[in-house]
Every structure is written in C-alpha cells, then in structure tokens.
Amino acid sequence: VLIKLALSNSTGSLQYLKAAVKTASSASTSFKVISLESGFTVGANSTANVDSVFNIVNMCLLTTVVDCSSINKAITVAGQNNGEFIFYYFLSATDHASDTSITPSVESGGVFVKYHFSDVLPVGSTTLNKLYNGDGRVFIDFNSATNMTQMGDKIYKTMIYKHTGVVSADATNVGTSGVANIQALIAPTMNGLLDIQNLINDTDYYFSVSQVNKFSFHSPMSASLLAHPEPIEALLKKQACFLLTAGFSGNHPVVEYFRMIRDHYLLNFTLGKIFVNSYYSWAPHYAQTILNRPWLAAIIRGSAHTVYFILHHLIVSSMVFLVLLFLLLRRSFKRPGNV
C-alpha cells in the first residue's frame, strides 16, 4: 500500500518517518509501529516529499491491536467496521522498531489515515440482455444488480471489454493480456443502457462487462454479445421506423418498443394499418432532415422517451391524471359563488 506524504521537520535534529496501526473498531489508544518498505529520514529544519509503502502481511504479523481476520468479513458483515484500520504517520526522533507500542498523544504532529482492506471476491456476473446496433455506436442493455453479491457498499467503476471473438462468462480472464481489451472505464452503473460510441461501421465487435468495487476487485466478466454497427442509411432500411431510428442514430429499446406497438396493435386494426401506411409514405423523406439537424433529433428522442414513459407506465400515468383532475375539479367547486 502506497501513500504520498509531504514531511516537514521543524526541529533542530534528524527525524524518522514512522507508521503505526490499530484496528478501527479497537477502543485502545495504543498503536503498533509497522515496518515500512523503505526507511525515510528528514534533516533538521527541512522538508521532503516521499512515497511511503507498507506490506499488509507485515501489518498482520503485529500483535494485540491488529485483527486481520476482519479482512475476510469486510463485505459480508454489514454495519460493522470489518476490514477497517487506522494508520498514524508521524516523524519521531526515535527510530522505533516494528511492533513497538506508541500513542499519538506522545508522538504528536502526525496524520491519521483510515484504510479499508478486503479479500472477499465478488460473486455473480453481469447479464447482457440485448444489444442494439447504431451508426458508429452500440447500445448494450445490461443488468448487474439481480445476480451479483459480495460487491460491498460501493461500485467504483463499470468496465466494458472489447474482444476479437466470442467469450464466455469467466472470472479468471478479466483484463488479462490477449483476452480482453478495455474499451471504456465509466461511472458506476448497475443496470440500464451502455452507449458505446466511436465504433467502425460494418465491423464485428464482441463486448462484455464487469463491475469494479472500492477494493479494486473485478466481478466475473459477463458473456460477450456480438455488435455490428452500420451506417444510418442501412439501419433505416432494416428498421423501417424511420423518424425514431433517425432520432436515435440507430436501433434503441425505445425504437423497439414502438415497433412492438406497430406490429402487435396498430397492424391489427384498419385505422392502424391506414396510419402505418401513411407514415411509410412520408417518413423516409423527413428522416434525412432529422439526420442533418442534431437539434431536431434531440426533440425526437425527448418526445419518444416521454411517450414511452407514459405508455410503459400507463396505470401510474392514469392515476396521476385522475388525481390531478380531481384536485382541479375540487378547487373549482370551492371558488366563491359556487353552491
């Protein structure tokens, strides 16, 4: 474990950089000095910037105030300070030996640092539900929350990997050379859509995903999905949902939702068929207009998301509408002059 320290010795004598540790849950005021990988000294009335390194194994060899058994409970036991250790870095005129007891009140002027350690590996991999091809981009619909445990209370990053071929879910191949190249390291998200951009059209990509927790442990890598981004013109011909496909620059869950409404509802009724045929007669012309105007594409996406939300949550939307209508009518009946 490495920490960068700025040291300042204002005394008239040589000072030694030392570090001492105790388990965070311990009520003791005593710390045990730990052996650092390299010793540092600071001359009288001088300063120094150092990279101080210690080995966790050396920490666990100390007696009485360090309980390393808590490291393998750091994630599994909630509401406890398992895996937490308090370090005290200080300058001292005495070159304390390892495992010597000290108290910060005597060796004052140092700095406290709390570390969280764990050797509990994550269990369960991310599930890639579906992949949507776009123009130079791909949307990956994924879920990590339902089948992943031992990640702790915080996800640090979401890792996206790009492969040259099909890859099965595997915990051992994450990040290893020749197996997976890191495509992106993004803000933590446990489910939803990953928007992967700057891809080459008409090229096969195999993507997989894993999560990284605050201990820098990677979850098992998901099985890969095949992506094949295409030019928007080709996607328009395939998807046939011209305005939405142009607005989203390719296929998208929202586009697929409206396509489902077309196939399962509109095409089963005469008026619906008339609407769909009319749409196909004029929509291709306006699709190119949308492609050439990003602001118009943004309006299409925003409108589509709004309608999608209302339809997808029809019961909730109806209840909200009825409540608002009731409040409006109630307010009107309470106005002066009403009987």
Side-chain angles (χ1 to χ4, degrees), residues 1-75 77 80-121 152-157 159 174-177 182 185 187-188 212-218:
V1 178
L2 177 148
I3 186 171
K4 295 179 179 293
L5 296 169
L7 309 179
S8 177
N9 177 13
S10 58
T11 70
S13 60
L14 181 74
Q15 297 279 300
Y16 297 90
L17 172 64
K18 309 303 294 185
V21 60
K22 74 167 187 172
T23 305
S25 58
S26 171
S28 172
T29 59
S30 178
F31 285 67
K32 285 286 187 174
V33 174
I34 182 176
S35 174
L36 299 176
E37 293 294 295
S38 298
F40 295 99
T41 57
V42 186
N45 299 307
S46 62
T47 61
N49 294 320
V50 303
D51 292 343
S52 178
V53 179
F54 70 87
N55 192 319
I56 297 177
V57 172
N58 292 340
M59 179 189 79
C60 293
L61 292 175
L62 301 175
T63 58
T64 65
V65 297
V66 179
D67 178 17
C68 281
S69 66
S70 66
I71 290 178
N72 60 19
K73 302 176 184 176
I75 293 177
V77 180
Q80 299 183 20
N81 293 329
N82 291 298
E84 292 186 1
F85 300 87
I86 299 176
F87 270 70
Y88 181 61
Y89 293 91
F90 63 98
L91 291 177
S92 174
T94 303
D95 187 11
H96 295 289
S98 178
D99 214 20
T100 301
S101 295
I102 66 101
T103 56
S105 59
V106 175
E107 293 285 3
S108 60
V111 60
F112 292 96
V113 179
K114 180 183 286 186
Y115 290 102
H116 298 249
F117 299 132
S118 173
D119 64 1
V120 181
L121 295 174
D153 59 357
K154 185 178 180 182
I155 305 300
Y156 171 64
K157 290 290 182 181
M159 302 288 290
V174 172
T176 55
S177 176
I182 297 176
L185 180 66
V212 184
N213 68 10
K214 66 183 180 182
F215 300 102
S216 293
F217 289 145
H218 293 230

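In what follows, residues are counted from 1 in the order of the sequence shown.
No donor-acceptor distance shorter than 3.5 angstrom exists from the side chain of N72 to the backbone of D119, with no hydrogens or angles considered.
I3 CD1 to F87 CZ: the interatomic distance, rounded to the nearest 0.5 Å, is 9.5 Å. A distance of 5.0 Å separates CZ in F54 from OH in Y115, rounded to the nearest 0.5 Å. Rounding to the nearest 0.5 Å gives a distance of 10.5 Å between CD of E37 and CG of L2. With rounding to the nearest 0.5 angstrom, the OG atom of S118 is 8.0 Å from the CD1 atom of I71. The line from CG of N9 to CG of L14 is 7.5 Å long, rounded to the nearest 0.5 Å. Annotation: the span from C68 atom SG to F85 atom CZ amounts to 4.5 Å, rounded to 0.5 Å.
The two residues S35 and S98 have their closest heavy-atom pair at N-OG, 3.8 Å. The shortest heavy-atom contact between S101 and S30 is CB-OG, 3.7 Å. In this structure, S8 and L91 approach most closely via the heavy-atom pair O-CD1, 3.6 Å.
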Name every donor-acceptor pair, under 3.5 Å, that has one atom in a side chain of residues 102-112 and the other anywhere in the protein, sequence neighbours excluded.
| residue | atom | partner | partner atom | Å |
| --- | --- | --- | --- | --- |
| E107 | OE1 | S92 | OG | 3.3 |
| E107 | OE2 | S92 | OG | 2.9 |
| E107 | OE2 | H96 | NE2 | 2.8 |

| task | Please assess D51 against S38 for the test side chain to side chain contact (heavy atoms under 4.5 Å, CB included), listing each intermediate value before the final yes or no. | result | CA-CA 9 Å; D51 292 343; S38 298; over 6 Å; no
| message | Working note: I86 + F31, criterion side chain to side chain contact (heavy atoms under 4.5 Å, CB included); need CA distance, chi angles, decisive distance, verdict. | response | CA-CA 9 Å; I86 299 176; F31 285 67; 3.9 Å; yes
| message | side chain to side chain contact (heavy atoms under 4.5 Å, CB included), that's the test. Do I155 and V212 meet it? Break it down for me. | response | CA-CA 6 Å; I155 305 300; V212 184; 6.0 Å; no
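K32 and T100 share no donor-acceptor pair across their side chains, judged by distance under 3.5 Å alone.
When each of V66, T64, N58 is checked for a side chain to side chain contact (heavy atoms under 4.5 Å, CB included) with L62, only V66 meets the rule.
Side-chain contact between V120 and F215 is absent, with no heavy atoms from C-beta onward closer than 4.5 Å. Annotation: side chain of V1 is in contact with side chain of I56 (closest heavy-atom distance under 4.5 Å).
Pairs passing the salt bridge (Lys or Arg N to Asp or Glu O under 4.0 Å) check and including a residue from residues 56-65, sequence neighbours excluded, do not occur. For residues 39-50, no pair satisfies side-chain hydrogen bond (donor to acceptor under 3.5 Å, both in side chains), with sequence neighbours left out. Here side-chain hydrogen bond (donor to acceptor under 3.5 Å, both in side chains) pairs that include residues 16-27, with residues two or more places apart or in two chains, are K18-D95.
Scored by the salt bridge (charged side-chain N to carboxylate O under 4.0 Å, His left out) test, K214 finds D153 as partners (sequence neighbours excluded). Qualifying side chain to side chain donor-acceptor pair (under 3.5 Å) partners for D99, counting only residues two or more places apart in sequence or in other chains: T63.
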